[in-house]
Amino acid sequence: MLDRKLIRENPDFVKEAALRKGVVAKVDEFLGTDTLWRKATHELGEANAEMNRISKTIGQLMGQGKKEEADAAKSQTAELKARIKELEEDERFHEAELCKLELTFPNLPHPSVPDGKTPEENVTVKEWGDKVLASKNHTEIASELGLIDFERASKVTGSGFAVYTGLGAKLQRALINFMLDFQVEHNGYREVAPPALVTSQSLVGTGNLPKFAEDLYKCEGDDLWLIPTAEVPVTNLYRDEILDLIDMPYKLAAYTPCFRREAGAAGKETRGIQRTHQFDKIELVKYVLPEWSYEELESLVTDAEDILQALGLHYRVLLLCAGDMGEKGCKCYDLEVWAPGEGRYLEVSSCTNFEAYQARRSNIRFRRAPGEKPEFVHILNGSGLAVPRLMIALLETYRQEDGSILIPEPLRSYMGTDVI
RNA sequence: GGACAGGUGGCUGAGUGGUCGAAAGCGCUCGCCUGCUAAGUGAGUAAGGGGCUUCCCCUUCGCGGGUUCGAAUCCCGCCCUGUCCGCCA
C-alpha cells in the first residue's frame, strides 16, 4: 500500500514508477474516487456535527426538565438522520473502491534499481567461490545414497512432494539447526517459531492477498491458510502496534515449512526438490528506521551470504531489475547458489526492502520520541536460506569420486558424521 | 466441544443511556520546590481522518449490526482471553 498523500500530490511520479514494474497503475481512477470519498467524508462530518449539537442540546434541556422543548428538538432530527444514512453509504462505498484500487498498486522501485522487464536484465553484482563443474544431479545422488524417496512421496501426497529418508532427513534437520544457530549467534537475530497457518488478514498485511490467492493453500471450513513463507506470520507479529524505538531494529529469524501451490510450474526446473509444494526455509525479517533501511538491506544480504560462505558454496548475487522483482518490493537482491549437477544457479534467497509498504498494510509503527507522531517502520526480509535448494547445491558440489558426500565442516557436529 | 467470567488510552483500572474520548493510579514530557533522595508539587500526555490549520470538526472504549434525538453503557451476531469440565498429540 502506498501513501495516499504521495498519490494525490505526485500522481505522475507514481504512474511512472509503477510503469517501471510494467504495471499501469489506475492513478486517475484513484484520484477521482478519492475526490468523491473526501467530499462524502467531509459532508458526513458536518452532518454528524450538526446531529451532535442537537443531541447535546436535547441532553441539556432534559437535564433542566424542559421536556417539551426537548421533544420539539427531537422532531427536527428525522430528516438529518436520513441524510446521514445516505452519506454513510456513500462514504463506505467510495472507501471500499479506494481500498480495492489501492491494493492493486505495486510498491515503487527505488531509484538505484535498474530498468528492465525480464530476468535477463537483472544485474550480477557479486560472485563468490569457485564454480565446480560436472557432477551427477541431486536426484541421482539422492537415490544412490537413499536420501530422498520421491516415489513414495507421490503415493502419499501426489506430485511435487518429497520424503527425506535416513541421512537425507538428518541433513535437512542439520541445515535448519545450523542456519538458525548461526543467525542467532553471529548476526544478532532473535529466533521465533511461528504458526504455519495464518488468517486472511495476515496475508493481506504482507500483500499475498487479495492478488495471489491462487498461489496459496486454503483450509476448508476455516479462515486459515498454509503459509507460503515465514515472512507472513513474522511480519504480522507486530501488526497494529507501535514499536519501541529503543528496541529497533527488530531482527527476527524463523524456521518454518512453507507451502506453495506453484500452479503452472512444470518441466525441467522442477526436477527433484528444486520446486516442491512444501519446503523448509529460514526467514530473516527486520523492522528498521526508514533512514537506515537501505543499509539494513545490504547487511541482510551479507547475513544470508554468510551461510553460503560458511558452507563453501559458489554463488552469485543479483540486483533485480524493476520489472522482475515483483509487486511488493522497492529493491531486491537474489542469492543464487551454483548447482553443478543441474548446471545452473538456483535461487536460495530473495532479500527485499519493502520500505513502508507492508507496515502501512499491517499498521506497524514506531515513535521517535514521547509525544511525537508515530511513523511507519520499514520492513525487510530475506531467506536465510531455503533448505532444499541448498541441499541440492551441497550434494552436487561435495560429491566425491567414490560417490560419497563430504560434509562441510560447520555441519559435521549437527550431522554426527563428516561423510554420507 | 460445554459452562461461567471478561475484553476500556503506553500499562493497571473505574465507568450501566446525555458536557465521557473517558475518573484514579503507573509510566512519560515540561516546569517548580528541596543542598544530596527511585521524595514532594503544578501542568501536559490515545490514534486515525478532514478543514477556513496557533484553532475547529468527524470517527474510534474487541469486531460487525441494531434500538435511540443521543450508546463504553441496552439488544443481536461474531472474534479473542481467562477459569473449570470434557477430549486429545
Side-chain angles (χ1 to χ4, degrees), chain A residues 1-9 30-99 101-102 193-205 209 219 221-225 233 236-248 250 257 287 356-377:
Chain A
M1 207 183 289
L2 302 172
D3 187 351
R4 284 187 181 177
K5 281 204 179 101
L6 178 73
I7 307 174
R8 272 176 210 147
E9 288 163 17
F30 177 91
L31 292 176
T33 305
D34 183 54
T35 306
L36 291 173
W37 172 75
R38 290 214 281 177
K39 183 164 176 283
T41 304
H42 185 77
E43 287 174 12
L44 178 63
E46 304 218 310
N48 277 332
E50 175 66 14
M51 186 61 114
N52 288 343
R53 270 195 294 277
I54 295 175
S55 292
K56 199 165 268 185
T57 309
I58 292 174
Q60 284 165 353
L61 291 171
M62 295 292 274
Q64 294 161 12
K66 297 176 180 169
K67 191 158 183 315
E68 281 172 28
E69 286 176 48
D71 284 341
K74 274 189 206 177
S75 63
Q76 344 169 330
T77 59
E79 200 179 317
L80 187 56
K81 209 178 175 185
R83 171 147 176 77
I84 287 175
K85 191 159 194 180
E86 219 172 273
L87 285 168
E88 271 174 352
E89 276 164 24
D90 259 29
E91 196 240 32
R92 204 178 305 192
F93 173 77
H94 293 309
E95 170 67 27
E97 289 292 302
L98 223 42
C99 282
L101 280 169
E102 213 165 26
L197 278 76
V198 294
T199 60
S200 304
Q201 200 191 341
S202 294
L203 286 156
V204 171
L209 287 179
C219 297
D222 294 289
D223 177 33
L224 292 174
W225 307 67
N236 276 281
L237 237 36
Y238 298 101
R239 194 170 70 210
D240 296 319
E241 293 190 33
I242 297 175
L243 306 182
D244 254 322
L245 187 66
I246 299 169
D247 300 329
M248 291 181 76
Y250 286 47
Y287 298 71
Y357 189 77
Q358 293 181 323
R360 205 170 279 120
R361 282 174 170 237
S362 335
N363 193 29
I364 302 171
R365 294 169 296 172
F366 73 99
R367 214 189 293 271
R368 289 190 188 272
E372 286 196 31
K373 281 235 164 206
E375 297 172 46
F376 290 111
V377 299

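Any value given below was found using the heavy atoms of this structure, including those in side chains, with hydrogens, waters and symmetry copies removed. We name chains A, B, ... by the order of the sequence lines, and we start the count at 1 in each one.
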Taking only the side-chain heavy atoms of [X] (C-beta and beyond), determine which of [options] contains the nearest atom.
X: A/A49; options: B/A47, B/C57, B/C69; result: B/C57
X: A/R365; options: B/G48, B/C58, B/G50; result: B/G48
X: A/R92; options: B/G65, B/U59, B/A47; result: B/G65
X: A/H42; options: B/G51, B/C57, B/G18; result: B/G51
X: A/R38; options: B/A47, B/G50, B/C69; result: B/G50

Report task. Assign A/N52 to base, sugar-phosphate, or nothing according to its heavy-atom contacts below 4.0 angstrom with the strands shown. Result ->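 Sugar-phosphate: the residue A/N52, judged by heavy atoms under 4.0 Å, touches backbone atoms but no base.
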Requested in this report: Would you classify A/S55 as touching base, sugar-phosphate or nothing, given that sugar-phosphate means primed atoms plus P, OP1 and OP2, and contacts are heavy atoms under 4.0 Å?
Outcome: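 The residue A/S55 makes base contact.
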Query raised in the report: Salt bridge or not for A/R8 and A/D34, using N-O below 4.0 Å?
Result: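 Result for this pair is yes, salt bridge flagged.
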Between [atom2] of [N] and [atom1] of [X], the distance in whole Å:
X: A/D34; N: B/G50; atom1: CG; atom2: C1'; answer: 12 Å
X: A/E375; N: B/A47; atom1: CD; atom2: P; answer: 13 Å
X: A/E46; N: B/C57; atom1: CD; atom2: P; answer: 12 Å
X: A/R360; N: B/G48; atom1: CZ; atom2: C1'; answer: 14 Å
X: A/K81; N: B/C69; atom1: NZ; atom2: P; answer: 5 Å

Quiz: residues 85-97 of chain A side-chain donor-acceptor pairs under 3.5 angstrom, not counting sequence neighbours:
from  : atom 1 : to     : atom 2 : distance (Å)
A/E95 : OE1    : A/W37  : NE1    : 3.0
A/E97 : OE2    : A/K100 : NZ     : 3.3

**Report entry** Pair partner, B/G1 [Watson-Crick or wobble, under 3.5 Å]
**Finding:** B/C85
Report task. Please give the nucleotide sitting opposite B/C32 as a Watson-Crick or G-U wobble pair, both distances under 3.5 Å, or none. Result ->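 B/G40 - that is the nucleotide pairing with B/C32, both distances being under 3.5 Å.
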**Report entry** Value rounded to 0.5 Å, distance of CG in A/D71 from CD in A/E69
**Finding:** 10.5 Å
**Report entry** Earlier contact from the 5' end, RNA chain B, for A/G45 and A/I58
**Finding:**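 First, find each residue's nearest nucleotide; the 5'-ward one identifies A/G45.
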Query raised in the report: Taking for each residue the nucleotide of RNA chain B with the nearest heavy atom, is it A/R8 or A/E50 whose nucleotide lies nearer the 5' end?
Result: A/R8
Query raised in the report: If you measure from the C1' atom in B/C61 to the same atom in B/C28, how many Å do you get, rounded?
Result: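 Between the two C1' atoms, the distance is 22 Å.
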Query raised in the report: What distance, rounded to whole Å, do you find between the two P atoms, one in B/U67 and one in B/C57?
Result: 28 Å
